Student: 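The structure under discussion is supplied below as structure tokens; questions concerning it will follow.
This one's a predicted model, so the numbers in the text were calculated from it and none came from an experiment.
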Amino acid sequence: MCGIIGIVGTTEVASALYDGLTMLQHRGQDAAGIATVDGSRLRLHKGNGLVSDVFDQTAMSGLRGRIGIGHCRYPTAGSEGSAEAQPLYVNSPYGIAIAHNGNLVNTEALRREMFEDDRRHINTDSDSEVLLNVLAHELQIQERMELTPDHIFKAIAGVHARARGGYACVALVLGYGLIAFRDPHGIRPLVLGERVTAEGREYAVASESAALDVLGFRLVRDIMPGEAVIITDRGQLHSRRCAEGALHSPCIFEYVYLARPDSMIEDVSVYKARLRMGEKLAEKIERLRADHGIDAVIPIPDTARTAASALAGALGVPFREGFVKNRYIGRTFIMPGQGERVKSVRRKLNAIDLEFRNKTVLLVDDSIVRGTTSRQIIQMAREAGAKHVYFASAAPPVRYPNVYGIDMPSSSELVAAGHTEQEVETMLGADWLIYQDLPDLIGAVQDGNEELRHFDTSCFSGEYVTGLDQQYLEQIQMLRSDDAKAARRTS
């Protein structure tokens with residue numbers, strides 16, 4: 001889960017890239033970077049931290065050029081060091097910089113191919129560097145007198161043929177322009193926008209449409225699965241499907257948690273999808289427990305607020321804000337280490353006692369992953385005086401790791417893995433636990449675009465659209481456990 005953006009403008013683009021990244025900050029808080037093209041030079045600045053921490057006036061003044069890309073990073077299986085902050089750059093051929101959102105599932109095989117066959121050295125643990133070098137090699141082997149869109153499309157087809165996983169990328173090719181492409185299954189999102197200024201037509205690509213909105217770009221469409229879009233330094237746009245036949249499977253967790261509610265993904269409003277999630281949960285509650293006796297529906301800020309409001313309306317129960325969020329604490333889902341997550345929950349949320357005292361409350365969250373946050377929040381509700389604490393998840397039980405760019409922990413650290421819903425209810429300390437059914441979740445998103453036939457639901461269903469072997473899952477287990485991450489940070 002990272003945020004990427006690219007702009008081909010008619011004037012300097014660094015400030016627009018900065019503003020776009022702030023709109024994508026929720027997708028990654030570990031590191032940020034911007035690269036621009038200034039004539040024949042690549043200007044690059046990146047570092048660890050939030051966008052506002054990485055870029056000051058001096059850094060921004062050095063990012064000259066009217067073509068550029070930006071990235072905000074959220075680490076998955078790799079290390080959290082500054083060496084893996086993006087964009088990443090390789091000088092041959094032409095000079096290429098890339099910003100990547102997603103995760104490859106055949107990284108080690110590609111790494112060996114890079115060394116043994118392509119004679120390229122990979123210097124970090126990042127699959128993004130592997131992807132950059134695959135792209136560079138595929139461009140290198142094109143027979144050409146002059147680089148053309150056809151050469152680039154053939155190179156992207158070569159990337160799709162070699163790389164497996166979920167990925168959305170923006171890249172700069174010095175002396176040519178900007179490339180954007182998406183994996184053949186369309187797992188990770190990528191949208192195209194345009195705006196017309198007094199100087200001419202400008203284009204932008206981004207992980208989410210909300211980043212385009214703030215910059216005044218009109219959302220044109222989603223970049224299709226397997227498609228590449230080229231925007232030359234002269235502002236000419238070319239596009240082509242470079243991979244055919246794969247099952248279109250956008251990540252459904254984008255709608256549950258990752259994306260902003262004001263974004264459109266696959267022509268579906270994230271906000272409307274979350275409203276429908278709440279309505280479908282309400283239908284399930286009425287089926288299972290018509291005499292639920294709920295006095296108030298209380299969301300866990302912030303992502304669950306939309307679903308909770310629709311749920312309360314459908315049940316005819318008051319919707320109340322029972323927790324106040326400290327907005328200066330990051331998303332606990334992506335906090336490094338169990339100890340830090342435990343401390344952060346109490347720092348992030350404070351209960352309003354009057355909304356709990358002597359009431360049967362239904363707490364609503366977008367999902368339950370490790371269970372750490374849910375367990376503490378339920379305890380906070382009891383301490384605030386709740387008579388009964390029910391807990392609802394707008395998503396089904398998370399029982400399997402996500403391998404396409406979301407750093408869900410190893411299966412051993414997922415609270416629902418290997419447990420029934422009743423067992424999870426006991427582990428969390430809830431008086432009643434209710435999960436969304438997977439068909440209802442799919443329906444909530446699909447109702448916004450009936451052309452969507454399939455989704456990546458792997459963290460709920462264990463079905464991986466790209467195919468996986470057991471060895472890779474065991475590797476993920478070793479890389480993503482809290483103990484493994486702590487060891488990397490120590491080293």
Side-chain angles (χ1 to χ4, degrees), residues 1-7 13 16-30 32-34 50-51 68-74 76 86-87 99-103 166-170 178 180-183 185-195 202-225 227 229 248-275 277 302-303 305-307 330-331 333-334 366 402 404-407 445 448-449 452 455-456:
M1 180 175 98
C2 297
I4 60 174
I5 186 170
I7 299 175
V13 297
L17 290 167
Y18 177 96
D19 290 340
L21 285 178
T22 62
M23 292 292 286
L24 298 172
Q25 186 74 87
H26 61 288
R27 300 187 68 88
Q29 302 169 8
D30 178 69
I34 291 174
L50 302 176
V51 175
I69 59 177
H71 185 270
C72 53
R73 181 173 184 268
Y74 152 67
T76 50
Q86 297 184 38
H100 163 224
N101 172 33
N103 189 58
Y167 51 91
C169 303
V170 290
L178 182 146
F181 58 96
R182 196 173 172 208
D183 72 82
H185 296 282
I187 297 173
R188 299 264 65 86
L190 194 62
V191 295
L192 171 69
E194 68 174 3
R195 70 181 179 187
E202 301 178 320
Y203 292 98
V205 291
S207 296
E208 295 183 33
S209 63
L212 304 181
D213 296 340
V214 74
L215 299 175
F217 283 86
R218 178 182 66 88
L219 173 63
V220 176
R221 61 179 177 85
D222 293 84
I223 292 176
M224 294 183 290
E227 182 184 19
V229 171
H248 184 192
S249 306
C251 175
I252 205 163
F253 209 70
E254 290 279 352
Y255 299 93
V256 171
Y257 173 78
L258 300 182
R260 289 174 58 108
D262 49 343
S263 284
M264 297 285 294
I265 298 177
E266 301 286 358
D267 205 28
V268 175
S269 162
V270 175
Y271 177 75
K272 292 287 189 181
R274 289 176 183 167
L275 286 176
M277 290 175 204
D302 281 319
T303 320
R305 184 172 282 116
T306 306
R331 297 179 111 174
F333 176 80
I334 60 177
D366 51 77
N402 183 291
Y404 300 127
I406 305 172
D407 191 26
V445 180
N449 181 359
L452 292 175
F455 296 89
D456 168 48

Student: Is the backbone N or O of Glu266 less than 3.5 Å from a side-chain atom of Asp222, with the two atoms forming a donor-acceptor pair by type?
Tutor: yes
Student: What I'd like to find out is whether the side chain of Tyr404 reaches to under 4.5 Å of the side chain of Asn402, using heavy atoms alone.
Tutor: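 A side-chain contact exists here, since the closest heavy-atom pair is under 4.5 Å.
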Student: List the atom of Cys2, the atom of His71, and the distance in Å for their closest heavy-atom pair.
Tutor: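 In this case the closest contact between Cys2 and His71 is CB-NE2, 3.5 Å.
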Student: Any non-hydrogen side-chain atom of Asp262 less than 4.5 Å from a side-chain atom of Asp213?
Tutor: no
Student: Please find the pair of heavy atoms, one from Leu212 and one from Ala206, that lie closest to each other, and give the distance.
Tutor: CD2-CB, 4.0 Å
Student: Considering non-hydrogen atoms only, spot the tightest contact between Val51 and Thr22 and give its length.
Tutor: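 Closest approach of Val51 to Thr22, heavy atoms only: CG1-CG2, 4.0 Å.
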Student: Looking at side-chain heavy atoms only, is the closest gap between Ile223 and Phe181 below 4.5 Å?
Tutor: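 Counting from C-beta outward, Ile223 and Phe181 never come under 4.5 Å.
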Student: Judged by atom type as modelled, is there a donor-acceptor pair below 3.5 Å linking the side chain of Ser207 to the main-chain atoms of Ile4?
Tutor: yes
Student: Please answer whether the main-chain N or O of Gly166 pairs with a side-chain N or O of Asp183 as donor and acceptor at a distance below 3.5 Å.
Tutor: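 Not at all, since once roles are kept as given, no pair shorter than 3.5 Å links the two residues.
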Student: Carefully, step by step, assess Met277 and Tyr255 under the rule side-chain contact (heavy atoms from CB on, under 4.5 Å).
Tutor: CA-CA 10 Å; Met277 290 175 204; Tyr255 299 93; 3.9 Å; yes
Student: With side-chain contact (heavy atoms from CB on, under 4.5 Å) as the test, would you mind laying out the steps for Phe217 and Ile7 before giving the verdict?
Tutor: CA-CA 10 Å; Phe217 283 86; Ile7 299 175; 4.2 Å; yes
Student: Please answer whether the main-chain N or O of His100 pairs with a side-chain N or O of Arg188 as donor and acceptor at a distance below 3.5 Å.
Tutor: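 Looks like no, no N/O pair under 3.5 Å.
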Student: Do you know which of Val205, Asn101, Val229 makes side chain to side chain contact (heavy atoms under 4.5 Å, CB included) with Val170?
Tutor: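 Running side chain to side chain contact (heavy atoms under 4.5 Å, CB included) over Val205, Asn101, Val229 with Val170 returns exactly one hit, Val205.
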Student: Just verifying a value: how many Å separate Leu258 CG and Cys251 SG, rounded to the nearest 0.5 Å?
Tutor: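 Result: 6.0 Å between the selected atoms.
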Student: Would you call Asp456 and Phe253 a side-chain contact if the rule is heavy atoms closer than 4.5 Å?
Tutor: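 Answer no - side chains too far apart.
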Student: Any chance you could lay out the side-chain contact (heavy atoms from CB on, under 4.5 Å) test for Met264 and Leu219, step after step, and finish with the verdict?
Tutor: CA-CA 9 Å; Met264 297 285 294; Leu219 173 63; 4.0 Å; yes
Student: Looking at every non-hydrogen atom in both residues, tell me the closest pair between Gln86 and Ala99 and how far apart they are.
Tutor: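 That closest heavy-atom pairing would be OE1-CA, 3.4 Å.
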Student: Using side-chain contact (heavy atoms from CB on, under 4.5 Å), reason through Val270 and Ile265 one step at a time and then give a plain yes or no.
Tutor: CA-CA 7 Å; Val270 175; Ile265 298 177; 4.2 Å; yes
Student: Is any side-chain heavy atom of Arg218 less than 4.5 Å from a side-chain heavy atom of Val220?
Tutor: yes
Student: Just to verify, what does Glu208 make a salt bridge (charged side-chain N to carboxylate O under 4.0 Å, His left out) with, not counting sequence neighbours?
Tutor: Arg27
Student: So, Gln25 side chain and Gly28 main chain: donor-acceptor pair closer than 3.5 Å or not?
Tutor: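 Pair found, side chain donor or acceptor close to backbone of Gly28.
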Student: Give me the atom names and distance for the closest heavy-atom approach of Leu190 to Ala180.
Tutor: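 Closest approach of Leu190 to Ala180, heavy atoms only: CD2-CB, 4.1 Å.
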Student: Holding to salt bridge (charged side-chain N to carboxylate O under 4.0 Å, His left out), I want the full list of residues that pass it with Arg305, two or more places apart in sequence or in another chain.
Tutor: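 Here the qualifying residues are Asp302, Glu321.
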Student: What residues, two or more places apart in sequence or in another chain, satisfy side-chain contact (heavy atoms from CB on, under 4.5 Å) together with Thr306?
Tutor: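 Thr306 satisfies side-chain contact (heavy atoms from CB on, under 4.5 Å) with Tyr271, Arg274, Leu275 once adjacent residues are dropped.
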Student: Return the minimal non-hydrogen interatomic distance between Gly186 and Pro225, and the atom names on each side.
Tutor: N-CB, 3.6 Å
Student: Let me confirm one number: the CZ-CG distance from Arg195 to Leu215, rounded to the nearest 0.5 Å.
Tutor: 6.0 Å
